[in-house]
Participant: 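Quick one: structure below, then a few questions.
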Amino acid sequence: MPEMPEIQAHAERLTERFGGRELSGFTPFNFTALKTAVPAPSTAFGHPLLEVQRRGKYLLLRFEPITFVVHLMQGGRLVADEKRSAKPRGGQARFDFEPIERNDGTIDEAALLLTEQGKERRAGVWCVPTDDALTAPPLDKLGPEAADVTADELAALFAANSMRVHGFLRDQRMIAGIGRRLANEVCHRARVSPFANTRKLGADGAASVAAAIHSCVEEGLQFERTRADMSSSKDRPSAMHSRTGEPCPDCGDAVRAVSYSGYTVNYCPTCQTGGKILADNTTSKFLK
Ligand SMILES: [Zn+2]
């Protein structure tokens, strides 16, 4: 799933390409694509796209009356659609814009298409009044932005929520924008065990984790901004994530894994757990 750096850089590219264009249509291609009944998407027709913003892992297409909040989930993408075919492959919803003449004299008629690969159909669009966009569902329960959270805020959240730190980092109600890859990278950079308890980490632990969040997010953002489109997870730089068995770039110890259904926690024993190897539950009774 794309995380904050991928979504943020994509929002910036979409603003560059579609900012100022007037919305002329909105077409959901199946009944799960539009998650809200009111306000109607047509409320934004005839209005220019002010900006594509980001909050957590959501994209926000801001118009003056209403904002379209888009969640890509695992396999969703929001892409320029030059063909505008009647039934686009994997299409969930399409935003049509009035054609515009570019500086080079060409006419840009591209729409924006929300696609989702796979059968899950979980990507979707919420329509909300722009003034309430950040405080209405689906954004109302999100924690502070990963890039903005301070060491003090994080220490308060750690004290109030007793969780494994890796799970805390992936919980969007705690911190918004971090997923599986960044959670692995942040724990390694902060030199904490992914299974450390947040309450026990204390203020010093919170300060290390906050600093690691900021530097990992900033590095990801710098990488994504060099790209023409959103990276796939195998392209993204990592020290730990998806590196099971490879040497840790900081100490040379082999990167270890603890696997769950759907994701893997990667860590370096020397850097993070005092050399202790954590039980890999893939060898447990569940597989017998
Ligand atoms: Zn290491």
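In each ligand, atom 1 is the first atom listed, and ligand 1 is the first ligand listed. Hydrogens, waters and symmetry mates play no part in the numbers below; they use all other heavy atoms, side chains included.
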Participant: Around atom CZ of R227, are there more than 12 heavy atoms from other residues, nucleotides or ligands closer than 6.0 Å?
Facilitator: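 Counting neighbours around CZ of R227, more than 12 heavy atoms of other residues, nucleotides or ligands fall under 6.0 Å, so yes.
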
Participant: Hey, quick one: are V255 and L182 part of the same hydrophobic cluster, counting side-chain heavy atoms closer than 4.5 Å, chains of contacts allowed?
Facilitator: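 No, it is not one cluster - the side chains of V255 and L182 are not joined through contacts under 4.5 Å.
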
Participant: Classify the ring geometry of H166 against Y263: parallel below 30°, tilted from 30° to 60°, perpendicular beyond 60°.
Facilitator: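 Correct class here is parallel.
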
Participant: Just checking: H188, one of its N/O/S atoms, less than 2.8 Å away from the Zn ion (ligand 1), yes or no?
Facilitator: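 No N, O or S atom of H188 is closer than 2.8 Å to the Zn ion (ligand 1), so no.
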
Participant: Could you grab the angle centred on the Zn ion (ligand 1), going from SG in C251 to SG in C268, to 10°?
Facilitator: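 Value returned, to the nearest 10°, is 90°.
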
Participant: SG (C248) to the Zn ion (ligand 1) to SG (C271): angle, nearest 10 degrees?
Facilitator: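 Value returned, to the nearest 10°, is 110°.
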
Participant: Would one find more than 12 heavy atoms of other residues, nucleotides or ligands at under 6.0 Å from atom CG of D104?
Facilitator: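 Buried by this count: over 12 neighbours within 6.0 Å.
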
